[in-house]
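Everything numeric here is computed off the predicted structure, so don't read it as measured data. What you see below is based on every heavy atom in this structure, not just the backbone, and it leaves out hydrogens, waters and symmetry mates.
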Amino acid sequence: RFLPEGGRLGFVLSQAALEAGYWEGLRRFLAERANVLAVVSSPAERWFADAAIHGVIVILERRTNGASPRPLARFARLGVPMVDAAARVRGLADLDVVAEVRALGGAEAWLSPWAPLVRAPDAWFAASREAGGLLVPLVELCDVNLGVTSGANKFFYMTREEAKRREIETCFLAPVLRSPRAAPAIHADPLRLATVAFVCDLAPDALGKYPGAAAYVEANGALELRPMLATRKRWWSLPVRLARLFLAKTYDSRFVQPLSPTPLLADQRVYMAHPRGVDLELLAATLNGTLTALAIESLGRASLGDGALEWSVGDIRRLPVLDVRAIERSPAAGVVREAFRALARRPIGTVDREATALDRQVLDRA
(Lines give C-alpha, C1' and ligand atoms only; values in the text may rest on other atoms or scores of the structure.)
Protein backbone atom coordinates (compact mmCIF):
# COMPACT_ATOMS: atom_id res chain seq x y z
CA ARG A 1 0.00 0.00 0.00
CA PHE A 2 2.93 2.35 0.59
CA LEU A 3 4.32 1.89 -2.93
CA PRO A 4 3.39 4.24 -5.74
CA GLU A 5 2.33 2.68 -9.04
CA GLY A 6 5.45 1.25 -10.66
CA GLY A 7 7.30 1.20 -7.34
CA ARG A 8 9.29 -1.92 -6.50
CA LEU A 9 9.63 -3.98 -3.36
CA GLY A 10 12.19 -6.65 -2.45
CA PHE A 11 11.71 -9.33 0.20
CA VAL A 12 14.26 -11.82 1.51
CA LEU A 13 12.39 -14.67 3.17
CA SER A 14 12.52 -18.38 3.84
CA GLN A 15 11.87 -20.58 0.83
CA ALA A 16 9.44 -22.49 3.06
CA ALA A 17 7.13 -19.46 2.99
CA LEU A 18 6.37 -20.23 -0.66
CA GLU A 19 4.98 -23.62 0.34
CA ALA A 20 3.13 -22.80 3.55
CA GLY A 21 -0.65 -22.83 3.74
CA TYR A 22 -0.88 -19.09 4.34
CA TRP A 23 0.93 -18.41 1.07
CA GLU A 24 -2.21 -18.96 -1.00
CA GLY A 25 -4.04 -16.09 0.66
CA LEU A 26 -1.05 -13.80 0.25
CA ARG A 27 -0.65 -14.89 -3.36
CA ARG A 28 -4.26 -13.93 -4.15
CA PHE A 29 -3.81 -10.56 -2.46
CA LEU A 30 -0.63 -9.78 -4.37
CA ALA A 31 -1.86 -11.10 -7.72
CA GLU A 32 -4.49 -8.35 -7.77
CA ARG A 33 -1.97 -5.59 -7.09
CA ALA A 34 1.55 -6.53 -8.21
CA ASN A 35 3.70 -7.82 -11.03
CA VAL A 36 6.27 -10.51 -10.27
CA LEU A 37 9.59 -9.32 -11.62
CA ALA A 38 11.90 -11.99 -10.21
CA VAL A 39 12.13 -14.79 -7.65
CA VAL A 40 15.72 -15.83 -6.92
CA SER A 41 17.05 -18.75 -4.88
CA SER A 42 20.46 -20.25 -4.18
CA PRO A 43 19.98 -23.98 -3.36
CA ALA A 44 23.67 -24.60 -2.70
CA GLU A 45 24.23 -22.04 0.05
CA ARG A 46 22.71 -20.39 3.10
CA TRP A 47 22.72 -16.61 3.14
CA PHE A 48 22.56 -16.19 6.94
CA ALA A 49 25.02 -17.97 9.20
CA ASP A 50 22.67 -17.79 12.18
CA ALA A 51 19.56 -19.12 10.38
CA ALA A 52 19.34 -22.74 9.24
CA ILE A 53 17.07 -21.94 6.31
CA HIS A 54 17.39 -21.49 2.59
CA GLY A 55 16.41 -18.01 1.51
CA VAL A 56 14.63 -16.66 -1.53
CA ILE A 57 14.48 -13.11 -2.91
CA VAL A 58 11.13 -11.90 -4.25
CA ILE A 59 10.97 -8.70 -6.32
CA LEU A 60 7.51 -7.21 -6.89
CA GLU A 61 6.26 -4.12 -8.69
CA ARG A 62 3.10 -2.21 -7.80
CA ARG A 63 0.78 -2.50 -10.76
CA THR A 64 -1.53 0.22 -12.04
CA ASN A 65 -5.03 -0.45 -10.82
CA GLY A 66 -6.92 -2.51 -13.39
CA ALA A 67 -3.82 -3.18 -15.51
CA SER A 68 -2.91 -6.67 -16.71
CA PRO A 69 0.05 -8.47 -15.07
CA ARG A 70 3.49 -7.74 -16.46
CA PRO A 71 4.27 -10.01 -19.44
CA LEU A 72 7.37 -11.67 -18.00
CA ALA A 73 8.53 -12.97 -14.62
CA ARG A 74 11.95 -14.53 -14.05
CA PHE A 75 12.40 -17.47 -11.67
CA ALA A 76 16.13 -17.88 -11.15
CA ARG A 77 18.12 -20.71 -9.56
CA LEU A 78 21.60 -19.32 -8.96
CA GLY A 79 24.54 -21.34 -10.20
CA VAL A 80 27.19 -19.18 -8.51
CA PRO A 81 27.52 -17.93 -4.92
CA MET A 82 25.39 -14.94 -4.04
CA VAL A 83 28.42 -12.70 -3.54
CA ASP A 84 29.50 -13.40 -7.15
CA ALA A 85 25.98 -12.93 -8.48
CA ALA A 86 25.64 -9.59 -6.71
CA ALA A 87 28.80 -8.34 -8.42
CA ARG A 88 27.57 -9.32 -11.89
CA VAL A 89 23.85 -8.54 -11.87
CA ARG A 90 22.84 -4.97 -12.70
CA GLY A 91 19.39 -5.67 -14.13
CA LEU A 92 16.82 -8.44 -14.52
CA ALA A 93 18.25 -9.58 -17.85
CA ASP A 94 21.62 -10.28 -16.17
CA LEU A 95 20.10 -13.15 -14.17
CA ASP A 96 20.55 -15.41 -17.21
CA VAL A 97 24.33 -15.06 -16.81
CA VAL A 98 24.44 -16.35 -13.23
CA ALA A 99 21.39 -18.63 -12.96
CA GLU A 100 19.09 -21.15 -14.56
CA VAL A 101 16.09 -18.97 -15.38
CA ARG A 102 12.50 -19.94 -16.12
CA ALA A 103 10.48 -17.09 -17.62
CA LEU A 104 6.70 -17.12 -17.29
CA GLY A 105 4.03 -14.72 -18.46
CA GLY A 106 2.65 -12.41 -15.80
CA ALA A 107 -0.68 -14.17 -15.28
CA GLU A 108 0.93 -17.63 -15.45
CA ALA A 109 3.50 -16.57 -12.86
CA TRP A 110 0.77 -16.08 -10.28
CA LEU A 111 -0.83 -19.45 -11.05
CA SER A 112 2.30 -21.64 -11.03
CA PRO A 113 3.89 -23.01 -7.82
CA TRP A 114 7.00 -20.94 -7.22
CA ALA A 115 9.09 -23.28 -5.09
CA PRO A 116 9.76 -25.92 -7.81
CA LEU A 117 10.60 -23.17 -10.30
CA VAL A 118 13.45 -21.89 -8.12
CA ARG A 119 14.48 -25.18 -6.55
CA ALA A 120 14.47 -27.67 -9.42
CA PRO A 121 17.45 -27.77 -11.78
CA ASP A 122 17.12 -27.65 -15.55
CA ALA A 123 17.81 -31.40 -15.56
CA TRP A 124 14.48 -32.10 -13.89
CA PHE A 125 12.47 -30.04 -16.36
CA ALA A 126 14.32 -31.65 -19.27
CA ALA A 127 13.76 -35.16 -17.88
CA SER A 128 10.06 -34.58 -17.21
CA ARG A 129 9.55 -33.23 -20.73
CA GLU A 130 11.35 -36.26 -22.19
CA ALA A 131 9.34 -38.72 -20.10
CA GLY A 132 6.05 -37.09 -21.03
CA GLY A 133 3.11 -39.39 -20.33
CA LEU A 134 5.35 -42.03 -18.74
CA LEU A 135 5.46 -39.95 -15.56
CA VAL A 136 2.42 -40.53 -13.35
CA PRO A 137 1.52 -39.56 -9.79
CA LEU A 138 2.67 -42.24 -7.35
CA VAL A 139 -0.90 -42.66 -6.10
CA GLU A 140 -1.79 -44.25 -9.46
CA LEU A 141 0.61 -47.09 -8.66
CA CYS A 142 0.23 -47.58 -4.92
CA ASP A 143 -1.56 -46.50 -1.79
CA VAL A 144 0.66 -44.43 0.50
CA ASN A 145 -0.19 -44.39 4.19
CA LEU A 146 1.29 -43.15 7.42
CA GLY A 147 3.12 -45.53 9.72
CA VAL A 148 2.16 -45.99 13.34
CA THR A 149 2.25 -43.24 15.96
CA SER A 150 2.96 -45.17 19.15
CA GLY A 151 2.09 -42.52 21.70
CA ALA A 152 4.89 -43.77 23.97
CA ASN A 153 8.04 -44.64 22.06
CA LYS A 154 10.05 -45.51 25.18
CA PHE A 155 7.50 -48.17 26.04
CA PHE A 156 6.67 -49.61 22.63
CA TYR A 157 10.13 -49.46 21.00
CA MET A 158 13.25 -51.14 22.35
CA THR A 159 16.42 -52.84 21.22
CA ARG A 160 16.54 -56.60 20.98
CA GLU A 161 18.91 -56.64 23.94
CA GLU A 162 16.46 -54.64 26.06
CA ALA A 163 13.63 -56.99 25.18
CA LYS A 164 15.75 -59.98 26.16
CA ARG A 165 16.75 -58.37 29.45
CA ARG A 166 13.09 -57.70 30.27
CA GLU A 167 12.26 -61.31 29.38
CA ILE A 168 9.45 -60.28 27.05
CA GLU A 169 8.17 -63.26 25.10
CA THR A 170 9.25 -63.17 21.45
CA CYS A 171 5.68 -63.61 20.20
CA PHE A 172 5.05 -60.00 21.29
CA LEU A 173 8.05 -58.54 19.48
CA ALA A 174 7.99 -57.33 15.89
CA PRO A 175 10.81 -55.74 13.86
CA VAL A 176 10.04 -52.08 13.26
CA LEU A 177 11.41 -49.70 10.66
CA ARG A 178 11.66 -46.41 12.53
CA SER A 179 13.67 -44.53 9.91
CA PRO A 180 15.31 -45.26 6.55
CA ARG A 181 18.61 -44.77 8.36
CA ALA A 182 17.89 -48.06 10.12
CA ALA A 183 18.21 -49.76 6.72
CA PRO A 184 21.67 -49.03 5.28
CA ALA A 185 20.70 -50.86 2.09
CA ILE A 186 17.51 -50.88 0.03
CA HIS A 187 17.04 -54.49 1.13
CA ALA A 188 15.77 -54.15 4.70
CA ASP A 189 16.60 -57.38 6.50
CA PRO A 190 14.11 -57.75 9.40
CA LEU A 191 16.62 -59.73 11.43
CA ARG A 192 19.17 -56.92 11.21
CA LEU A 193 16.87 -54.15 12.34
CA ALA A 194 18.06 -53.05 15.76
CA THR A 195 14.63 -51.98 17.05
CA VAL A 196 11.65 -54.16 17.86
CA ALA A 197 8.16 -53.10 18.88
CA PHE A 198 6.04 -54.45 21.70
CA VAL A 199 2.91 -55.68 19.93
CA CYS A 200 0.29 -57.20 22.21
CA ASP A 201 -3.48 -57.06 21.95
CA LEU A 202 -4.31 -59.52 24.73
CA ALA A 203 -6.81 -58.74 27.44
CA PRO A 204 -5.48 -58.68 31.03
CA ASP A 205 -6.68 -62.21 31.86
CA ALA A 206 -5.02 -63.70 28.78
CA LEU A 207 -1.90 -61.58 29.23
CA GLY A 208 -1.35 -63.15 32.64
CA LYS A 209 -0.23 -66.36 30.94
CA TYR A 210 2.88 -64.56 29.71
CA PRO A 211 4.85 -63.40 32.76
CA GLY A 212 7.40 -61.30 30.90
CA ALA A 213 4.88 -59.25 28.92
CA ALA A 214 2.49 -59.01 31.88
CA ALA A 215 5.21 -57.67 34.17
CA TYR A 216 6.29 -55.16 31.52
CA VAL A 217 2.74 -53.82 31.11
CA GLU A 218 2.18 -53.66 34.86
CA ALA A 219 5.43 -51.80 35.49
CA ASN A 220 4.39 -49.10 33.02
CA GLY A 221 0.76 -48.80 34.07
CA ALA A 222 1.02 -45.04 34.61
CA LEU A 223 1.03 -44.63 30.82
CA GLU A 224 -2.67 -45.43 30.81
CA LEU A 225 -3.31 -41.77 31.65
CA ARG A 226 -1.72 -40.47 28.45
CA PRO A 227 -4.50 -39.02 26.24
CA MET A 228 -3.49 -40.91 23.09
CA LEU A 229 -3.22 -44.24 24.92
CA ALA A 230 -6.39 -43.73 26.96
CA THR A 231 -8.49 -43.80 23.77
CA ARG A 232 -7.37 -47.33 22.90
CA LYS A 233 -9.28 -50.41 23.93
CA ARG A 234 -6.16 -51.45 25.84
CA TRP A 235 -3.51 -48.81 26.33
CA TRP A 236 -0.69 -51.28 25.61
CA SER A 237 -2.19 -52.37 22.25
CA LEU A 238 -0.12 -50.79 19.50
CA PRO A 239 -2.00 -50.43 16.18
CA VAL A 240 -0.30 -52.80 13.74
CA ARG A 241 0.43 -51.41 10.29
CA LEU A 242 2.54 -53.63 8.08
CA ALA A 243 4.13 -53.15 4.69
CA ARG A 244 7.05 -54.33 2.61
CA LEU A 245 7.89 -51.13 0.72
CA PHE A 246 8.54 -47.83 2.46
CA LEU A 247 9.25 -44.22 1.56
CA ALA A 248 11.19 -41.74 3.62
CA LYS A 249 9.39 -38.73 5.04
CA THR A 250 12.47 -36.49 5.14
CA TYR A 251 15.62 -36.30 3.00
CA ASP A 252 19.04 -34.76 3.18
CA SER A 253 21.80 -36.09 0.91
CA ARG A 254 20.78 -39.77 0.85
CA PHE A 255 17.85 -41.28 -1.02
CA VAL A 256 16.74 -44.81 -0.18
CA GLN A 257 13.28 -46.41 -0.17
CA PRO A 258 13.56 -49.71 1.78
CA LEU A 259 12.08 -52.99 0.58
CA SER A 260 11.66 -55.90 3.00
CA PRO A 261 11.26 -59.60 2.09
CA THR A 262 8.52 -59.84 4.75
CA PRO A 263 6.02 -57.30 6.11
CA LEU A 264 7.38 -54.93 8.75
CA LEU A 265 5.87 -52.59 11.28
CA ALA A 266 6.32 -48.98 10.19
CA ASP A 267 6.84 -45.97 12.43
CA GLN A 268 5.21 -42.64 11.56
CA ARG A 269 8.57 -41.30 10.34
CA VAL A 270 8.24 -43.44 7.20
CA TYR A 271 5.39 -43.97 4.77
CA MET A 272 4.06 -47.37 3.76
CA ALA A 273 3.52 -48.14 0.07
CA HIS A 274 0.99 -50.82 -0.90
CA PRO A 275 1.02 -51.52 -4.67
CA ARG A 276 -2.27 -51.15 -6.52
CA GLY A 277 -2.05 -54.04 -8.95
CA VAL A 278 1.54 -53.34 -9.99
CA ASP A 279 4.63 -55.45 -9.44
CA LEU A 280 6.17 -54.71 -6.03
CA GLU A 281 9.79 -55.24 -7.07
CA LEU A 282 9.52 -53.10 -10.19
CA LEU A 283 7.85 -50.37 -8.17
CA ALA A 284 10.68 -50.52 -5.61
CA ALA A 285 13.23 -50.32 -8.43
CA THR A 286 11.53 -47.22 -9.81
CA LEU A 287 11.34 -45.52 -6.42
CA ASN A 288 15.05 -46.17 -5.88
CA GLY A 289 16.11 -44.90 -9.29
CA THR A 290 17.97 -41.66 -9.78
CA LEU A 291 15.05 -40.07 -11.65
CA THR A 292 12.83 -40.46 -8.58
CA ALA A 293 15.59 -39.05 -6.36
CA LEU A 294 15.83 -36.08 -8.73
CA ALA A 295 12.07 -35.55 -8.51
CA ILE A 296 12.16 -35.68 -4.71
CA GLU A 297 15.07 -33.24 -4.53
CA SER A 298 13.55 -30.90 -7.11
CA LEU A 299 9.99 -30.76 -5.83
CA GLY A 300 10.32 -31.35 -2.07
CA ARG A 301 9.61 -28.78 0.60
CA ALA A 302 12.84 -27.35 2.01
CA SER A 303 11.24 -26.41 5.30
CA LEU A 304 13.37 -28.26 7.86
CA GLY A 305 16.46 -26.06 7.83
CA ASP A 306 19.93 -26.73 6.40
CA GLY A 307 18.26 -27.63 3.10
CA ALA A 308 16.62 -30.82 4.37
CA LEU A 309 13.44 -31.81 2.55
CA GLU A 310 10.12 -32.89 3.95
CA TRP A 311 7.36 -34.68 2.07
CA SER A 312 3.85 -34.75 3.49
CA VAL A 313 1.74 -37.81 2.74
CA GLY A 314 -0.27 -35.70 0.29
CA ASP A 315 2.88 -34.51 -1.47
CA ILE A 316 4.34 -38.01 -1.78
CA ARG A 317 1.12 -39.31 -3.31
CA ARG A 318 1.53 -36.69 -6.05
CA LEU A 319 5.24 -37.47 -6.61
CA PRO A 320 5.83 -38.00 -10.36
CA VAL A 321 7.41 -41.41 -11.03
CA LEU A 322 7.91 -43.63 -14.06
CA ASP A 323 4.86 -45.76 -14.81
CA VAL A 324 6.11 -49.31 -14.23
CA ARG A 325 2.95 -50.70 -15.86
CA ALA A 326 4.55 -49.83 -19.20
CA ILE A 327 7.28 -52.47 -18.75
CA GLU A 328 5.73 -55.15 -16.52
CA ARG A 329 5.08 -57.56 -19.41
CA SER A 330 8.04 -56.54 -21.56
CA PRO A 331 11.54 -58.05 -21.76
CA ALA A 332 12.81 -54.89 -20.07
CA ALA A 333 11.20 -56.02 -16.80
CA GLY A 334 13.74 -58.80 -16.37
CA VAL A 335 16.63 -56.44 -17.02
CA VAL A 336 15.32 -53.97 -14.44
CA ARG A 337 14.84 -56.71 -11.85
CA GLU A 338 18.37 -58.03 -12.31
CA ALA A 339 19.89 -54.54 -12.06
CA PHE A 340 17.78 -53.69 -9.01
CA ARG A 341 18.70 -56.88 -7.14
CA ALA A 342 22.39 -56.18 -7.70
CA LEU A 343 22.01 -52.71 -6.20
CA ALA A 344 19.57 -53.49 -3.39
CA ARG A 345 21.89 -55.37 -1.01
CA ARG A 346 24.76 -52.93 -0.73
CA PRO A 347 24.74 -49.84 1.51
CA ILE A 348 23.38 -46.76 -0.24
CA GLY A 349 25.61 -43.72 0.06
CA THR A 350 25.10 -40.02 -0.42
CA VAL A 351 24.23 -38.54 -3.78
CA ASP A 352 27.78 -37.59 -4.70
CA ARG A 353 28.90 -41.21 -4.29
CA GLU A 354 25.85 -42.78 -5.89
CA ALA A 355 26.19 -40.62 -8.99
CA THR A 356 29.32 -42.50 -10.06
CA ALA A 357 28.34 -46.00 -8.85
CA LEU A 358 28.36 -48.41 -11.78
CA ASP A 359 25.55 -50.63 -10.46
CA ARG A 360 23.29 -47.60 -10.09
CA GLN A 361 24.08 -46.50 -13.61
CA VAL A 362 23.09 -49.96 -14.83
CA LEU A 363 19.72 -49.68 -13.06
CA ASP A 364 19.15 -46.16 -14.40
CA ARG A 365 19.89 -47.24 -17.96
CA ALA A 366 17.53 -50.20 -17.59
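A 4.5 Å side-chain heavy-atom check between Leu141 and Asp323 finds at least one atom pair inside the cut-off. Using a 4.5 Å heavy-atom threshold, the side chains of Pro116 and Ser298 count as separate. Inter-residue side-chain proximity for Met158 and Ile168 is flagged as met; some heavy-atom pair is nearer than 4.5 Å. Contact of the Arg317 side chain with the Asn145 side chain is registered, since non-hydrogen atoms from C-beta on lie closer than 4.5 Å. You'll find the side chain of Phe246 reaches within 4.5 Å of the side chain of Leu264, heavy atoms only. In this structure the side chain of Glu162 reaches within 4.5 angstrom of the side chain of Arg165, judged on heavy atoms. Side-chain contact between Leu299 and Trp311: present, with at least one pair of heavy atoms (C-beta onward) separated by less than 4.5 Å. No side-chain heavy atom of Leu247 sits under 4.5 Å from any side-chain heavy atom of Pro180.
At least one donor-acceptor pair under 3.5 Å links the side chain of Asn288 to the backbone N or O of Gln257. Glu5 places no side-chain N or O within donor-acceptor distance of the main-chain N or O of Arg62, the cut-off being under 3.5 Å. Using a distance-only test at 3.5 Å, with no hydrogens or angles considered, no donor-acceptor pair links the side chain of Ser42 to the main chain of Leu78. No donor-acceptor pair under 3.5 Å is formed between the side chain of Arg269 and the backbone N or O of Leu177. Remark: the backbone N or O of Phe155 is paired with a side-chain donor or acceptor of Tyr216 at under 3.5 angstrom. With Arg244 contributing its side chain and Pro263 its backbone, the two residues share no donor-acceptor pair below 3.5 Å. Between the side chain of Glu310 and the backbone N or O of Gly300 there is no donor-acceptor pair closer than 3.5 Å. Of the possible donor and acceptor atoms, one in the side chain of Arg226 sits under 3.5 Å from a partner among the backbone N and O of Gly151. At distances below 3.5 Å, not a single donor-acceptor pair connects side-chain atoms of Arg74 with backbone N or O atoms of Ala103. Side chain of Asp364 to backbone of Thr290: a donor-acceptor contact under 3.5 angstrom is found.
The aromatic rings of Tyr251 and Phe255 lie parallel to each other, with less than 30° between the two planes, well short of the 60° mark.
By the neighbour-count criterion of 12 heavy atoms within 6.0 Å, atom CD of Glu130 is sparsely surrounded, having that number or fewer from other residues, nucleotides or ligands. For Glu45, the CD atom counts as densely surrounded, since its 6.0 Å shell holds more than 12 non-hydrogen atoms of other residues, nucleotides or ligands. No more than 12 heavy atoms of other residues, nucleotides or ligands shown are found within 6.0 angstrom of OH on Tyr210. At most 12 heavy atoms of other shown residues, nucleotides or ligands fall within 6.0 angstrom of atom CZ in Arg353.
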Working note: Arg337 + Asp279, criterion salt bridge (Lys or Arg N to Asp or Glu O under 4.0 Å); need CA distance, chi angles, decisive distance, verdict.
CA-CA 11 Å; Arg337 289 182 202 277; Asp279 185 279; 2.9 Å; yes
Given side chain to side chain contact (heavy atoms under 4.5 Å, CB included), test Leu92 with Leu37 step by step and report yes or no.
CA-CA 8 Å; Leu92 294 174; Leu37 301 187; 4.1 Å; yes
So Ile59 and Phe11, side chain to side chain contact (heavy atoms under 4.5 Å, CB included) or not? Walk me through it.
CA-CA 7 Å; Ile59 307 296; Phe11 270 120; over 6 Å; no
Stepwise salt bridge (Lys or Arg N to Asp or Glu O under 4.0 Å) check, Arg102 with Glu100
CA-CA 7 Å; Arg102 289 104 206 185; Glu100 297 175 351; 3.1 Å; yes
Side chain to side chain contact (heavy atoms under 4.5 Å, CB included) evaluation trace for Leu319 with Thr292:
CA-CA 8 Å; Leu319 175 70; Thr292 298; 4.0 Å; yes
The test is salt bridge (Lys or Arg N to Asp or Glu O under 4.0 Å); show your working for Arg325 and Glu140 and say whether it passes.
CA-CA 10 Å; Arg325 295 170 296 190; Glu140 286 193 19; 3.0 Å; yes
Evaluate salt bridge (Lys or Arg N to Asp or Glu O under 4.0 Å) for Arg88 paired with Asp94, printing each intermediate quantity in order.
CA-CA 7 Å; Arg88 298 166 65 182; Asp94 296 338; over 6 Å; no
Could you check Ser41 against His54 for side chain to side chain contact (heavy atoms under 4.5 Å, CB included), going step by step and ending with a plain yes or no?
CA-CA 8 Å; Ser41 79; His54 275 231; over 6 Å; no
Working for ring-ring contact (aromatic ring centres under 6.0 Å, His included), residues Trp114 and Phe75:
CA-CA 8 Å; Trp114 286 6; Phe75 294 85; 5.8 Å; yes
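Of all heavy-atom pairs spanning Ala185 and Arg254, the tightest one is N-NH2, 4.3 Å. For Arg27 against Trp110, the heavy-atom pair with the smallest separation is NH1-O, 2.5 Å. Heavy atoms only, all atoms of each residue included: Ala248 and Tyr271 are closest at O-CD1, 4.1 Å.
Residues in residues 173-195 take part in these side-chain hydrogen bond (donor to acceptor under 3.5 Å, both in side chains) pairs, two or more places apart or across chains: His187-Arg345.
A single hydrophobic cluster is seen to contain both Leu245 and Leu322, as judged by linkage of ILVMFWY side chains at heavy-atom distances under 4.5 Å, directly or through other members. Linking ILVMFWY side-chain heavy atoms closer than 4.5 Å, directly or via other members, places Leu287 and Leu282 in a single hydrophobic cluster. Taken together through direct or relayed side-chain contacts under 4.5 Å among Ile, Leu, Val, Met, Phe, Trp and Tyr, Val118 and Val12 form parts of separate hydrophobic clusters. Follow the hydrophobic side-chain contacts under 4.5 Å out from Val336 and you reach Val321 in the same cluster. Both Val278 and Val144 are members of a single hydrophobic cluster when ILVMFWY side chains are connected at heavy-atom separations under 4.5 Å.
A cation-pi contact, defined as under 6.0 Å to the ring centre and within 45° of the axis, links Arg33 to Phe29.
Checking each of Val196, Leu193, Val176 against Leu265 for a side-chain contact (heavy atoms from CB on, under 4.5 Å) leaves exactly one that passes, namely Val176.
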